[in-house]
Undergrad: 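One structure follows; several queries about it will come next.
Bear in mind that the values here come from a model prediction, so they are computed numbers and not experimental data.
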Amino acid sequence: MTGRRARPAATRYDRIYAIVRRIPRGRVATYGQVAMLAGLPGRARMIGYALAALSDGSGVPWQRVVNAQGRVSPRAGGSGHEVLQAVMLRREGVRFRKTGVIPLAVFRWHPRLRGR
DNA sequence: ATGCTGACTATGT
DNA sequence: TACATAGCCAGCA
């Protein structure tokens, strides 16, 4: 095969999704953190775009990614996904301070070398 | 090709 | 604490 072309756009995000899938239940990671782990340092925004492009049933735990302030990032359009995200996280055991901030010192995911 | 937009972040005022 | 700016980059009209 010629090798290039005919590649779904989502493929470019596979590296990002692979990292997000490794975030365990009850833990969260920041966009910048995921970017760095995916080998895309400085491209935190791209993580948000990649997650926004996910479709239902993707199996990717997108709710476990929050911003650097430990807060659920507000979406445009008021789709309500930010509320769902908070609910899902609470169900997993992630606690929010009354200011709506998740204490990253407690819930942040600390990945270990993938070794499996 | 060009211009906008968008689930980010660090830094400066 | 709040707002403004500057990088970064893919998708789409």
Undergrad: Can you check the A:His81 NE2 to B:dG6 C1' distance for me, whole Å?
TA: 15 Å
Undergrad: How about A:Arg45 and A:Tyr49: does a side-chain donor come under 3.5 Å of a side-chain acceptor?
TA: yes
Undergrad: Distance alone, cut at 3.5 Å: any donor-acceptor contact between the side chains of A:Arg64 and A:Gln85?
TA: no
Undergrad: Going through the distances and angles, do A:Tyr17 and A:Ser58 end up as a side chain to side chain contact (heavy atoms under 4.5 Å, CB included)?
TA: CA-CA 10 Å; A:Tyr17 300 147; A:Ser58 62; over 6 Å; no
Undergrad: In terms of side-chain heavy atoms of A:Gln85, which of B:dT9, B:dG6, B:dA7 is nearest?
TA: B:dA7
Undergrad: Round to a whole Å and report the spacing from CH2 of A:Trp62 to C1' of B:dA7.
TA: 9 Å
Undergrad: What's the CD1-C1' distance between A:Ile23 and B:dA7, to the nearest Å?
TA: 13 Å
Undergrad: By the 4.0 Å heavy-atom rule, please label A:Arg43 as base, sugar-phosphate, or nothing.
TA: sugar-phosphate
Undergrad: What integer number of Å spans the P atoms of B:dA7 and C:dG7?
TA: 22 Å
Undergrad: Round to the nearest Å and state the distance from A:Tyr31 atom OH to B:dG6 atom C1'.
TA: 11 Å
Undergrad: Rounded off to whole Å, could you give me the CE-to-C1' distance for the A:Met36 and B:dA10 pair?
TA: 13 Å
Undergrad: Can you tell me how far P of C:dC9 sits from CZ of A:Arg15, to the nearest Å?
TA: 16 Å
Undergrad: Expressed in angstrom and rounded to an integer, what is the separation of A:Arg45 atom CZ from B:dA10 atom C1'?
TA: 13 Å
Undergrad: Side chain of A:Leu51: nearest nucleotide among B:dA7, C:dG11, B:dG6?
TA: B:dA7
Undergrad: In whole angstrom, what separates A:Met46's CE from C:dG7's P?
TA: 19 Å
Undergrad: Do A:Leu51 and A:Tyr13 have side chains that approach each other closer than 4.5 Å (heavy atoms only, starting at C-beta)?
TA: no
Undergrad: Base, sugar-phosphate, or nothing: which does A:Ala52 touch, judged by heavy atoms less than 4.0 Å apart?
TA: base
Undergrad: Donor-acceptor pair, distance only, cut-off 3.5 Å: does the side chain of A:Arg108 make one with the backbone of A:Ala29?
TA: no
Undergrad: Nearest of C:dC8, C:dC9, B:dT9 to any side-chain atom of A:Tyr49?
TA: C:dC9
Undergrad: Give the nucleotide from the list C:dA10, B:dA7, C:dC8 with an atom nearest to the side chain of A:Ala76.
TA: B:dA7
